[in-house]
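The structure displayed is predicted, hence computed values, not measured ones. Along the sequence shown, residues carry numbers from 1.
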Amino acid sequence: MKFSAQLATKMYDRWQKRAVKSMKYCSLVAVILVALVQISCVPGSALRTGEKLVAEKDYPGAIAAYQSIVDAKPGTPEALQAQVAIGKLFIDRMDQPAEGIKAYEAVIAAAPESDEAAEASYELGMHYYRQKDFKASQTQFDAVVNNFPQLELSHNAQLMLAKSFEEANDFEQAVEVFDNFANRNPRSERAALAIANKGRIQRQHLKNEEEAKRTYQSLVKRYGKVEGAEKEIEKAKEELTDLKASIPEADDPLATQYGRALARQEATRERDRPRGGVERSRAMGNVDLQIADSGFGVSASEVMRNFGGQGGIAGDDQGSYYDAELMIANFFYGDESYRDAGALYFDAIARAEAAKVKIDPYTYLKLSICYRKLGMHKRAREVLKKAARRDGGVIQAVIDTGRNHYTSESYERAIETYTSVLGMAKSKDSEIYWLLSLAHKKLGEPEKEREVLEQSVAANTQNLDALQSLAEVLHYRLKDRKAAAIFQDLVDQKGDSYIGSKTLGDLTYKYGNYVQSRAKYRAAARTAKRLLDKSESEVEKQKLRNQVVYATILATRATYHLKKLEDAQKMIDELAAAYPEHALIPYGRGELALLDGDAETAIAEFKASIEKNPLSDIPLIALGEYYISQGFNDDAIALWEGYLAKNQYNQNVRRSLNKLKGADGE
């Protein structure tokens with residue numbers, strides 16, 4: 001009995017110790033759980049606190065609340081939301097735009113593919129739009145359109161992009177973007193509004209009544225029975241009456257198979273929208289295949305099912321479902337229904353590639369065009385680049401398509417097609433630029449014709465077709481007969497080879513072909529040096545020395561751009577040793593200093609060159625252009641006007657001055 005009592009006492013002591021340990025453990029667990037709950041609630045709580053403080057107009061307090069989230073959980077969705085809120089506060093409420101911009105840019109840098117990054121880009125676009133910095137606003141809105149097509153925000157951004165182009169008086173771009181928006185949102189009232197804006201700009205700003213008439217007629221025909229578009233339709237009818245144009249009958253959306261398909265799509269669009277970045281086809285044909293979101297805002301399976309009725313359209317047992325998709329995609333493409341066509345092309349290509357089946361290269365081109373028609377030019381280019389890597393025939397297929405458009409007098413479509421593959425195959429660029437010039441010539445656009453011909457020559461200085469065409473546009477349409485003669489001599493391989501080589505050097509340098517630029521400048525310098533060695537006239541010798549030094553300096557600039565700073569410096573040093581007293585040597589050192597980011601030295605060297613030879617316009621123009629690059633237009637004007645007061649017949653300086661004053665006047 002005594003033993004049992006002792007045993008009981010020991011058991012009680014053990015139990016008590018365990019209980020105390022258990023209580024301590026439970027208390028610790030409780031503390032940890034409370035802490036975890038508190039930690040998990042901090043972001044949401046702080047966000048709500050921030051919102052409350054904003055409502056109370058305690059903006060510094062709200063900033064502090066939001067910043068606590070950023071500091072506690074950097075990189076999380078809550079932190080990104082807080083940073084967006086900080087950006088809005090700084091810009092919209094506290095008039096500290098620099099801080100707001102910094103907050104938005106931090107979001108974009110931290111999580112460039114997040115929804116918060118889309119919102120930050122949109123808000124930046126709105127800020128720049130309100131500040132009338134339309135170029136910056138266009139960059140931000142375009143980023144939302146191209147990088148986040150799955151978000152509703154991208155549609156709003158596209159409308160703002162169009163408005164930004166209009167406010168910047170870039171009316172052709174505004175028309176194109178309004179058209180892109182309508183293609184993304186077929187049969188919607190917002191599409192009708194976009195097309196109405198397109199017609200308004202064509203008539204009021206572009207003064208193209210024929211195009212405006214066609215736009216308004218299309219609006220009435222396609223959207224006349226679309227609910228919510230009544231206001232735009234009435235306005236379009238008024239415009240057509242004023243234009244003395246016929247008013248077409250409105251299409252019945254349900255009268256055609258395509259119209260019924262669209263109606264079914266709009267009825268089920270939200271329910272069937274792809275989630276999580278991928279779509280899974282509910283139709284036949286490799287049903288387990290996971291296909292990335294196409295960005296068209298509608299799934300291929302939805303288009304197929306609605307087109308074929310409730311039963312959909314299926315492929316056969318051999319896995320040729322993509323053939324059916326391509327057939328129907330071509331139907332939509334021909335009807336200019338680029339959203340649905342694009343969704344089908346995207347899906348068909350993915351299925352064919354998964355099956356390792358080669359697909360018609362024109363399919364890639366059509367998919368690219370669908371993207372461009374919706375304003376997603378980045379995806380359009382990615383499609384062609386990817387296709388070109390897989391199939392070398394894709395680039396040629398695009399060029400051939402452009403030629404077909406040109407032959408059928410669809411010059412705008414030819415330009416659009418050619419432009420889509422520029423830069424994808426360097427060996428083809430010169431030919432493509434030349435083909436572009438033919439289309440611009442037909443459209444009566446001599447300045448654009450000249451520009452693309454310059455680019456054609458810059459890409460291949462041996463392209464005689466481009467050289468001949470450039471000589472012709474300069475002579476006949478732009479009336480610059482002096483420049484035209486230089487290019488004609490290059491075609492005929494005669495005339496002053498110094499000026500010919502230097503002109504080609506200038507052209508290739510302008511468009512970034514530094515290898516050719518250096519070669520042409522060196523050729524010009526060699527020609528001048530050869531003539532210098534033979535000359536007996538002091539006047540001629542002075543002219544030729546100037547040519548040797550100037551062409552060599554220009555060659556050093558091109559050398560610098562080829563990442564060969566030491567070689568460029570060596571060239572200047574050797575030139576200085578050969579012509580130690582020449583006034584352009586300081587100018588050459590100034591050019592290299594400017595390229596290397598040393599503006600102070602560059603300015604000093606330009607001024608030293610001017611002092612050595614006050615009559616030389618080369619360093620004077622270079623210094624003026626530097627002033628302009630920094631926004632010091634008044635300094636450039638004073639510099640050039642002072643020179644012209646003593647040298648009134650110098651046409652180089654006068655052209656630079658007139659160009660600057662013209663830009664200031666605008």
Side-chain angles (χ1 to χ4, degrees), residues 162 165-166 168-180 197-218 239 243-245 336 369 372-373 377 398-422 429-459 463-488 491 507 510-511 655 658-659 662-663 665-666:
F165 279 124
E166 184 177 357
N169 295 330
D170 192 346
F171 300 119
E172 290 183 355
Q173 277 294 124
V175 163
E176 181 178 338
V177 177
F178 276 127
D179 210 35
N180 294 156
N197 281 324
K198 173 185 173 182
R200 172 181 56 79
I201 294 171
Q202 286 172 327
R203 187 177 187 192
Q204 293 180 7
H205 297 295
L206 296 176
K207 309 299 182 184
N208 192 331
E209 293 194 346
E210 282 301 312
E211 287 294 330
K213 180 177 69 176
R214 283 193 285 270
T215 296
Y216 285 129
Q217 287 174 331
S218 174
E239 293 289 337
L243 288 166
K244 297 180 174 52
E336 298 184 358
I369 290 172
R372 279 192 282 117
K373 290 295 185 180
H377 53 84
V398 175
I399 294 173
D400 292 343
T401 299
R403 289 180 182 274
N404 291 337
H405 290 320
Y406 178 85
T407 302
S408 61
E409 300 183 359
S410 299
Y411 304 120
E412 289 91 349
R413 294 185 70 183
I415 290 170
E416 182 181 43
T417 303
Y418 292 140
T419 304
S420 69
V421 289
L422 278 171
D429 277 356
S430 184
E431 176 191 359
I432 295 170
Y433 279 122
W434 179 69
L435 291 170
L436 278 166
S437 77
L438 301 180
H440 285 301
K441 179 181 178 181
K442 289 292 187 179
L443 291 170
E445 299 170 338
E447 284 293 347
K448 291 181 179 178
E449 183 186 356
R450 175 194 57 77
E451 182 179 355
V452 293
L453 283 169
E454 285 184 349
Q455 290 171 298
S456 179
V457 173
N463 187 334
L464 295 181
D465 287 334
L467 287 167
Q468 183 67 63
S469 295
L470 184 53
E472 290 174 4
V473 69
L474 288 168
H475 183 88
Y476 294 109
R477 291 180 284 288
L478 295 177
K479 309 302 181 184
D480 186 350
R481 292 180 171 83
K482 182 178 179 180
I486 295 172
F487 288 105
Q488 189 62 55
V491 174
L507 205 55
K510 177 180 178 180
Y511 292 104
R655 274 194 298 270
N658 291 341
K659 182 179 179 181
E666 291 172 1

For Val473 against Leu470, the heavy-atom pair lying closest together
CG1-O, 3.3 Å
Counting C-beta onward and ignoring hydrogens, is there a side-chain heavy-atom pair between Asn463 and Tyr433 closer than 4.5 Å?
no
Under the side-chain contact (heavy atoms from CB on, under 4.5 Å) test, which residues partner Glu451, sequence neighbours left out?
Gln455, Tyr511
Looking only at heavy atoms, the pair that brings Ser456 and Ala466 closest together is OG-CB, 3.2 Å
Looking only at heavy atoms, the pair that brings Tyr418 and Tyr406 closest together is OH-CB, 4.3 Å
With side chains defined as the heavy atoms from C-beta onward, is the minimum distance between Val398 and Thr417 less than 4.5 Å?
yes
Starting from the C-alpha separation in whole Å, work towards a yes-or-no answer on side-chain contact (heavy atoms from CB on, under 4.5 Å) for Lys659 and Arg655.
CA-CA 6 Å; Lys659 182 179 179 181; Arg655 274 194 298 270; over 6 Å; no
Going by atom types only, do Glu166 and Gln173 share a side-chain donor-acceptor pair under 3.5 Å?
no
The single option from Glu209, Glu210, Glu211 that satisfies salt bridge (charged side-chain N to carboxylate O under 4.0 Å, His left out) with Lys213 is Glu210
Asp465: partners by salt bridge (Lys or Arg N to Asp or Glu O under 4.0 Å), with sequence neighbours left out:
none
Of all residues at least two apart in sequence or in a different chain, which pass the side-chain hydrogen bond (donor to acceptor under 3.5 Å, both in side chains) check with Ser420?
none
Nearest 0.5 angstrom please: Thr215 OG1 to Asn197 CG, how far?
11.5 Å
Which pair of heavy atoms, one from Ala471 and one from Phe487, lies closest together, and at what distance?
CB-CB, 4.0 Å
Between Asp179 (side chain only) and Val175 (backbone N and O only), is there a donor and an acceptor less than 3.5 Å apart?
no
Taking side-chain hydrogen bond (donor to acceptor under 3.5 Å, both in side chains) as the definition, give me every residue that meets it alongside Glu172, ordered by chain and number, with sequence neighbours left out.
none
Euclidean distance, Thr401 OG1 relative to Ile369 CD1, rounded to 0.5 Å:
7.0 Å
Using ring centroids (six-membered ring only for Trp), state whether Phe171 and Phe165 fall under 6.0 Å.
no
Pairwise distance CG(Asn169) to CD1(Ile201) - rounded to 0.5 angstrom
10.5 Å
Contacts of Asp400 that satisfy side-chain hydrogen bond (donor to acceptor under 3.5 Å, both in side chains) - sequence neighbours left out
Gln396
To the nearest 0.5 angstrom, please state how far the CD atom of Glu454 sits from the CG atom of Leu507.
5.0 Å
Would you check if Gln468 and Gln488 make a side-chain contact, meaning some heavy-atom pair closer than 4.5 Å?
yes
Gly199 and Ala212 have their tightest heavy-atom pair at O-CB, 3.7 Å
In a table with atom names and distances, give each donor-acceptor pair under 3.5 Å that connects a side chain of residues 436-444 to protein atoms at least two apart or in another chain.
| unit_1 | atom_1 | unit_2 | atom_2 | d |
| --- | --- | --- | --- | --- |
| Ser437 | OG | Trp434 | O | 2.5 |
| His440 | ND1 | Glu445 | OE1 | 2.7 |

Hey, could you give me each pair passing salt bridge (Lys or Arg N to Asp or Glu O under 4.0 Å) that has a residue in residues 431-440? Not counting sequence neighbours.
Arg403-Glu431
With sequence neighbours excluded, tell me which residues meet side-chain hydrogen bond (donor to acceptor under 3.5 Å, both in side chains) with Ser218.
none
Of the non-hydrogen atoms in Leu478 and Pro446, which two are nearest, and what is the gap between them?
CD2-CB, 3.8 Å
Summary of salt bridge (Lys or Arg N to Asp or Glu O under 4.0 Å) pairs that have at least one residue in residues 405-418, sequence neighbours excluded:
Arg372-Glu416, Lys373-Glu416
Selection residues 476-485 - residue pairs positive for salt bridge (Lys or Arg N to Asp or Glu O under 4.0 Å), sequence neighbours left out:
Glu449-Arg477
CD1-CD1 distance between Ile399 and Ile432, expressed to the nearest 0.5 angstrom:
4.0 Å
Got a second to check how far Ser410's OG is from Ile415's CD1, nearest 0.5 Å?
11.0 Å
Name all residues meeting the side-chain contact (heavy atoms from CB on, under 4.5 Å) criterion together with Gln204; count only those two or more places apart in sequence or in a different chain, and write none if there are none.
Arg200
